[in-house]
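Just below is one structure, and these are the notes that go with it.
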Amino acid sequence: MNTTFEPPSGLCGLSEAEARERLDRYGQNALPEPRPPSILRVFLRQFLSPLIYILIAAALVSIALSDVKDAFFIGIVLLLNGIIGATQEFSAGRAAAALRGLEVPQATVIRDGVPRVIDARVLVPGDLVLLEAGSRVPADMRLGSVEDLQCDEALLTGESLPVRKDAGADGSEGRATAFAGTMVTRGRGIGEVVATGPATKVGGIAALVAARDLSRPPLLIRMERFARTIALSVGLAMVALVLIGLLRDLGLHQLFLLAVGLAVSAIPEGLPVAISVTLAIGMRRMAGVNVIVRNMPAIEALGSCTMIATDKTGTLTLNELTVTEVRLPDGTIVLFEAGRDLDACAVHSPTVATQAVRERIADLLRAAALPNEGRLVLDGDGWRGVGDTVDIALLSAARKAGLAQEAIARDHPLIARIPYEPDLKYAASFHHGGDRVRTFVKGAPETLIAMADRMATATGAIAIDRAVLMAQQADLAGRGLRVLAFAEGEIEPASQEELGHRHLVDLVFLGLAGMHDPLRAEVPGAVQACRRAGIEVAVVTGDDPRTAAAIAREAGLTFDDSQVVTGDSLRQAEAEGDDALDALTRLASIFARVEPAQKLSIVLSMARNGHFVAVTGDGANDAPALKHAHVGVAMGKRGTDIARESADIILTDDNFASIVAGIREGRVSYANIRKVVFMTVSTGAAEVLLFLLALPFGLPMPLMPLQLLWLNLVTNGIQDVALAAEGAEGDELDRPPRAPKEPIFNGVMMRRLAISTLVMGGGGFVAFWWLLNLGRSEFEARNIVLLLIVLFENFQTLNARSENHSVFRLDLAANPLLVSGIVAAQALHVAAMHVPVMAETLDLAPVALADWLVLLSLAASIFLAVEFDKWLSRRAAIAGDSDEVAGNTS
Ligand code: ADP
Ligand code: MG
């Protein structure tokens with residue numbers, strides 16, 4: 001059988017018209033997805049909570065006691081709660097689903113003779129699909145040709161060892177078929193689609209295809225547990241109140257309703273929903289800065305990141321490579337200028353004539369174009385590259401020199417290839433050349449210098465001078481150029497299966513090419529932002545240490561030579577044990593000539609050093625590091641399917657600066673969660689305190705049960721969710737990262753909770769006591785205290801908008817939902833005081849202007865108290881900062 005990897009140009013594939021027709025016939029290449037729950041279901045789900053059961057029981061008791069008015073009101077509260085909860089949950093769920101849809105599976109097919117990347121869902125039987133390491137097989141396909149192809153079929157067989165694939169291998173059917181859903185772990189292949197969608201093997205065992213669900217963030221689980229704890233303590237407080245009430249001869253029905261009302265008001269049952277909403281909003285905002293969140297917890301995790309271990313090529317740089325310079329072994333320098341042909345190239349040669357140089361350049365470029373998997377296609381009015389950017393840059397250089405890839409390939413019929421893999425650091429090809437086999441190799445200079453024993457000069461091949469070549473490489477790399485080397489050789493003919501790595505010896509070294517890859521414009525700014533935000537940046541690359549260091553300096557990283565380490569020294573340190581490795585990674589900031597598999601040990605070591613690590617990756621071999629890092633960051637453009645599926649977040653633009661933007665959004669989300677927690681918990685606690693003070697002191701009930709239910713509506717109905725939508729405060733990246741283990745209820749939060757609870761709950765109690773002492777009726781006193789608490793809590797919502805900044809410095813227009821929510825709720829309460837039916841049901845009455853003024857100024861005390869506390873913590877932060885500075889300089 002012919003197992004030669006035929007160049008795509010030899011294949012035609014289906015025509016677009018035919019493919020469309022087949023798509024109609026066979027349907028989409030997708031498995032049916034579970035339908036999202038309907039809004040009705042989400043609505044009904046809102047009533048599945050113990051708190052609601054109690055409310056329903058309360059309504060029934062009221063009816064039994066023929067108190068239809070109360071029952072009716074409770075019904076309204078239940079309904080409103082259900083509607084608010086359902087709309088919040090439904091829209092959060094829809095947003096999440098929409099974002100998940102951004103990750104479209106793709107496939108490279110040949111149609112009308114041209115390779116192109118298409119949405120994998122429109123693949124049809126008969127399509128020719130190109131597979132390469134890192135891609136997920138998009139449909140069941142019969143392999144036409146393979147190169148070193150291996151697939152991980154654990155999905156189907158549970159066997160985690162990769163399976164070797166052969167084209168048309170006889171005997172076992174499975175070896176010649178690549179199955180949908182399995183992963184290509186190594187090599188290349190071309191196959192013809194034989195089954196799509198439900199007709200595939202994996203479609204047959206649909207139960208296996210677990211639809212990826214967004215995992216529940218630990219934070220959310222913690223919050224739910226926390227809400228339960230509070231419910232329990234409020235329940236205990238209730239029991240205590242009922243006992244006190246019974247001793248004081250309050251009616252059982254009243255007491256029961258009171259307990260229910262207080263429970264509904266004080267238990268932060270809306271907290272988990274508000275947090276889900278915060279995270280959903282965070283997800284959407286991250287998508288706005290080119291970060292797609294695959295795992296909800298990553299939103300929180302990104303905010304606490306203390307170290308970014310980033311790729312160089314494509315992440316710090318644009319991955320737009322151009323050959324700018326070729327260096328021949330004798331020192332001749334040929335400068336390539338963008339957009340010019342070779343005649344215009346400047347040649348700096350100590351000795352030889354241009355014609356001789358031209359021939360040796362042609363030899364070099366041939367060795368660049370043959371073991372090359374890229375292609376240049378004439379597309380409309382210009383050339384377009386397909387494939388790896390290194391390959392494309394080399395092909396463009398060859399074309400500038402008048403060497404077309406097709407022509408060279410025709411003159412040198414291909415026998416076999418060793419495709420480029422990052423762990424090999426080279427690519428090679430074997431060609432017919434008379435009665436011998438000719439080999440061509442391109443790859444990392446160290447690797448090729450080791451394979452060669454001679455080098456090409458104007459007067460023929462001479463013994464290799466490795467020191468000279470290394471010095472040439474150092475010079476190119478020191479200028480930030482990516483350096484590739486080229487070599488060729490001749491061997492005895494061997495069978496195609498035997499050709500391999502061991503034949504790459506005694507080569508003739510042809511020279512070096514330096515490629516320029518411009519830095520991304522946003523990167524220096526982002527690096528600076530990291531410095532301010534207390535986030536360290538390390539570069540982890542397969543490239544040369546000098547190239548890496550030059551690019552990193554250009555990006556604005558500061559480090560000295562001792563902080564540049566290589567894969568080799570890492571390996572040595574690792575052999576000595578974790579301690580040696582950790583000591584090395586603690587200081588290093590550039591990791592060069594690192595093999596992809598070493599990324600994992602770097603990440604684990606950084607974590608042992610106390611870092612919270614975000615690591616980037618694109619290749620199949622990066623998957624373990626992406627999985628094990630606190631935050632795995634995959635590249636949306638360059639990344640392979642394996643990398644994307646192992647990551648927590650995906651950058652749609654591959655840009656380092658987007659990670660930093662994501663970190664900022666992560667910090668915003670976490671801050672918003674704290675804001676919601678602070679608001680809901682402090683207001684609930686204040687209400688409990690009010691009752692726990694009033695009843696033991698012998699006062700009547702400060703609020704009626706229905707008033708409590710009402711209070712919950714007008715202070716918490718939409719305010720908590722509106723708070724979840726708070727935007728950035730602007731200084732998110734001016735602070736060091738919070739400690740990942742720090743609880744939400746840290747010192748600042750506890751202190752502020754205590755102060756607020758005292759002011760609001762205590763304030764309400766004093767007002768109630770005072771009013772009664774003034775001889776106001778119970779009815780009047782409750783009416784006024786209720787208004788006071790409503791004002792307190794709505795003011796507190798404004799306080800909660802920022803943990804550090806004064807409420808008076810915040811832009812009200814920045815969160816229209818919050819402001820209009822507060823105004824609407826407040827207006828609703830005022831309306832209720834004036835509309836007879838409502839006033840009657842809720843025991844309300846209009847409040848005199850004089851009382852209003854007193855109440856407003858009383859309620860404003862919560863501003864004063866929290867402002868003072870904010871001022872205290874700002875001062876503490878400044879003191880802390882200067883301590884740190886002093887510590888650093890001493
Ligand atoms: P990076 O971290 O910059 O992405 P890679 O792991 O992609 O580095 O590349 C490591 C080295 O492998 C490069 O410095 C280069 O010498 C070599 N190399 C990269 N791409 C190719 C290719 N397409 N063909 C041959 N060699 C390559
Ligand atoms: Mg690379």
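All ligand and atom numbering here is 1-based and tracks the order in the structure.
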Using modelled atom types and a 3.5 Å cut-off, is there a donor and acceptor pairing between side-chain atoms of H503 and backbone atoms of G500? yes
Please determine, by modelled atom types, if H516 and T322 share a side-chain donor-acceptor pair under 3.5 angstrom. no
ring-ring contact (aromatic ring centres under 6.0 Å, His included) contacts in which one or both residues fall within residues 624-653, not counting sequence neighbours: F612-H630
Under 4.0 Å from a heavy atom of A444: which atoms of ligand 1 are those, numbered in the order shown and with their elements? 16 (O)
Residues two or more places apart in sequence or in another chain: which of them pass salt bridge (charged side-chain N to carboxylate O under 4.0 Å, His left out) with D544? R546
Side chain, backbone, both or neither: which part of T547 has a heavy atom under 4.0 Å from ligand 1? neither
Going from CG on D423 to CD on Q598, what distance comes out if it is rounded to the nearest 0.5 angstrom? 11.0 Å
Does any N or O atom in G542 lie less than 3.5 angstrom from one in ligand 1, N or O only? yes
Going by heavy-atom distance to atom 24 (N) of ligand 1, choose the closest among K425, K312, K442. K442
Could you check which of R482, M515, E421, Q473 puts a non-hydrogen atom nearest to atom 5 (P) of ligand 1? R482
Are the side chain of T640 and the backbone of D618 linked by a donor-acceptor contact shorter than 3.5 Å? yes
Would you say ligand 1 has an N or O under 3.5 Å from any N or O of D544? no
Closest to atom 12 (O) of ligand 1 (heavy atoms only, candidates Y420, F486, Y426) is Y420
So if I count the atoms of ligand 1 from 1 in the order they appear, which ones are less than 4.0 Å from some heavy atom of G443? 25 (C), 26 (N)
Mind checking whether E373 has a heavy atom under 4.0 Å from ligand 1? no
Would R417 and E373 count as a salt bridge (Lys or Arg N to Asp or Glu O under 4.0 Å) if you check the C-alpha gap in whole Å, the side-chain angles of each, and the deciding distance to 0.1 Å? CA-CA 10 Å; R417 254 182 215 288; E373 295 177 86; 5.8 Å; no
Indicate whether any N or O donor in one side chain lies under 3.5 Å from an N or O acceptor in the other, for T389 and R638. no
Numbering the atoms of ligand 1 from 1, which are under 4.0 Å from a heavy atom of V483? 16 (O)
Ligand 1 contacted by L484 (non-hydrogen, < 4.0 Å): yes
Tell me the contacting part of D388 for ligand 1: side chain, backbone, both, or neither, using a 4.0 Å heavy-atom threshold, strictly below. side chain
Please indicate whether any nitrogen or oxygen in D391 is less than 3.5 Å from any nitrogen or oxygen in ligand 1. yes
Counting only heavy atoms closer than 4.0 Å, does ligand 1 sit against the backbone of V390, its side chain, both, or neither? side chain
Could you tell me the separation between the CZ atom of R366 and the NZ atom of K442, rounded to the nearest 0.5 Å? 16.0 Å
